[in-house]
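Every value quoted in this text rests on a predicted model; they were computed, and no experiment measured them. Whatever order the structure lists them in is the order used to number ligands and atoms, beginning at 1.
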Amino acid sequence: MTQEKLNELLKDMSLEEKVGQMIQLPAEVLTGGGLVTGPTGTTQLTDEQVGMAGSVLGIKGAEKIRELQKQQMAKQPHHIPLLFMLDVINGFETIFPIPLALGCTFSPEMAEKACSVAAAEAASEGLHVTFSPMLDLVRDARWGRVMESPGEDPYLNSEMARAMVRGYQGDLRSKEKLAACLKHFAGYGAPEGGRDYDNVELSERTLMEDYLPAYEAAVKEGCRLAMTSFNTLNRVPSSGNKWLLRKLLREKMGFDGVVISDYSAVEEMVFHGIAADAREAAKLAVGAGVDIDMVSNAYAGHLAELVRSGEVPEKLVDEAVLRILTLKNDLGLFEDPFRDVDPAEAEKTLLRADFRQQARETAAASFVLLKNDGILPLRKEPENEAEEGQDSSCSGKGTVPSAGSTAWIGPYVDNHEIYGAWSFPERPEKTVTIRQGVEAKGLPGMSFARGSYMMDKGCATKFGRIPNPSDEQADALLEEALRLAASSQRVVLCLGEHKDLTGEAGSRTSLGISEGQMELLRKVRQVNPNIVTVLFCGRPLAVKEIAALSRALLVVWMPGTEGGNAIADVLFGDRVPQGKLAMTFPRSLGQVPVYYNHFATGRPNPPHEIHLFRNGYMDEVTAPLYPFGYGLSYTEFTYSEVKLDRREMKAGDRITASVTVTNTGGVSGVETVQLYLRDSSASVARPIRSLKGFQKVSLAPGESREVSFAIEEPMLRFYDIDMNHVSEPGRFEVYIGGSSDAENSAEFVLA
Ligand code: NOJ
């Protein structure tokens, strides 16, 4: 449809019809069911309003979507097609690793491919919009939604933001693409105490410098929608924050797409104590620039009347509706409201072999090896001698380990639920378990046991308390596992945090795994010290004891459909680990929030030491257990010293910083070479270092490669004392290495 025709359509619509476009229905209203991602049963709409609604969320299924589209369009006076939206977060039916794990790949290319697979699958069923990417910067592991973010760094998150938007949207008219929706605007990742939905206080400087870049990167990439956040930001709820939505998002960042509220967030302004009632909430939201009211009754109940009474200019409604119609038009819905959906074709698109292969590679690249004393990779051939480092006194009550045997123990060994809290696969049984992945390798000497339940008796999850088995059943599982551990040469313990303890409403006050699993680990250790721990989690956990009791520790996050294969690939060395932490792992809960790009204090303390009257704690050092950017390989990389081609620069100049990276180990591997800068004297305190670039290099044993980064003046800009985004002359430190702890450095001066 031409712009002219769209304008004509708008002119011809009644006020009720226009308001209808600004209402998003929950799935239950149309289907009585659907995916539940928020409180249900709260919507009060007349049949007429339901008929005129412009969009719906939470519905899957090609046939169902086709049928509902037809049914709804018939009710619309102008037969305007509905937008079908869904949380397609880390895959649709082929599930990829959770976004935090995608961050750990440090591979925007992989993230882009993951999103394009998700888009192809979801679009094949007739979906139009995904509520992704979630780009909230995260620093507090207590918050369950850290799993949905690429991590704690503004630069990495921005790179991922661009890649994800490209992957989802590409050419929007192609029937394999979805419109993307950046979220949650803004600052939702910093709730007080890590409690979901809680208030956020950020200085304008921190907001602009750390939290906004990733959202802005998505906007610049052409992201078509933006979702408001639930929280208050500096005391104003985002869905009623005109400064945030009109000034920052639209004017400053240049966003011209559709703004949608989060789930019932408009009406929730009443609970925030900002609006007296839903009517006032609607007025505030439309004034602030919210185009679609997701699920709440505010627009449905009051917007038309607010316009009629003159309290809301109709122009605001027209602008919002035109943006919504434009999105529909750009998706090609006016020409083909079904976007060519064919249930038989959709069936063939889901879980395609090439999609699964991509998911397998991505999962393997997202695993982070935190510790390895040489036990990994596991040998494929049976061997007779005890392994190096094995303490034979611990080999169990007189049992002799059978040659080359490996016991796979833990509640995750035979578990299909390894796809994360935001995945709703129709065929969860298609997810490859660890056991299936290991068995597919066809190796001798593998045995399997569950060992413990995933959660402790009575443990609270998002969906209530776990009705748990009796103590006798738990004891029996443990005993069987210990027998197996004692009679095997090594144990791979597959432990973790249940997915229902993560994601939305998944905040926690502890950063561990269940007591039952810890008991399993401690007891196995008594009979067999050759432990490799494979850890599933949706957030950084405090793993001091787990690491100490294990000879190797591999974090696999929530790896998705091909998880079991990818884990077997990495443990047996068919793929070499290459993931780097996108979020810092603390030593203990008390260190949280802990992140690498913090500021120096006036009482600095060596991070691994405790000194009186110095910054830090009296019972713990300030250094985290594993810093941002950290991750081991099965090989070693050494770095030459940092070379700069010049020591002084001015605006318009470029300094080339380079290092030579050498693979000094015995196998090929991939290293993520990271560039960090520090501004050592500025008008406001600057982070002790900030990531400014990264490159992945693949090196054969003995191979060296020179890796160079360009440093230019815009990379040195920040918000100065007067909030101007500028660079200031002075000294800068350059660090290049394999983690945010890299000590390899050089200096230059900006004149
Ligand atoms: C609430 C969540 O905060 C948001 O991320 C999600 O997209 C919506 N519910 C819809 O499910």
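Nearest to atom 9 (N) of ligand 1 among the protein's heavy atoms is D262 OD1, 3.4 Å.
Residue-ligand proximity, D87 to ligand 1, at heavy-atom distances under 4.0 Å covers atoms 6 (C), 7 (O), 10 (C), 11 (O). Near L57, meaning under 4.0 Å from any of its heavy atoms, are these atoms of ligand 1: 10 (C), 11 (O). Heavy-atom proximity to R145, at under 4.0 Å, picks out these atoms of ligand 1: 2 (C), 3 (O), 4 (C), 5 (O). If you number the atoms of ligand 1 from 1 as listed, the ones under 4.0 Å from a heavy atom of K183 come out as 4 (C), 5 (O), 6 (C), 7 (O).
Judged by the shortest distance from any of its heavy atoms, M227 lies inside the 4.0 Å radius around the atoms of ligand 1. At least one heavy atom of H184 sits closer than 4.0 Å to an atom of ligand 1.
Heavy atoms from other residues, nucleotides or ligands lying under 6.0 Å from CZ of R235 number 12 at most.
E148 and R145 are joined by a salt bridge, as a carboxylate oxygen and a charged side-chain nitrogen come within less than 4.0 angstrom of each other. Salt-bridge formation is not detected for the pair R246/E251: no Lys NZ or Arg NE/NH1/NH2 atom is positioned less than 4.0 Å from an Asp or Glu carboxylate oxygen. In summary, D500 and K462 do not engage in a salt bridge, as defined by a charged side-chain N under 4.0 Å from a carboxylate O.
Proximity of E504 to ligand 1, defined as any heavy-atom pair under 4.0 Å, is confined to the side chain (atoms from C-beta onward). At a 4.0 Å heavy-atom cut-off, ligand 1 touches T37 through backbone and side chain alike.
Considering N231, D262, D196 as possible partners of Y188, the one that fulfils the side chain to side chain donor-acceptor pair (under 3.5 Å) test is D196. Checking L511, D140, V146, V138 one by one against P540, the side-chain contact (heavy atoms from CB on, under 4.5 Å) holds for a single residue, V146.
A parallel orientation is assigned to the rings of F230 and H184, their planes being inclined by less than 30° (bins at 30° and 60°).
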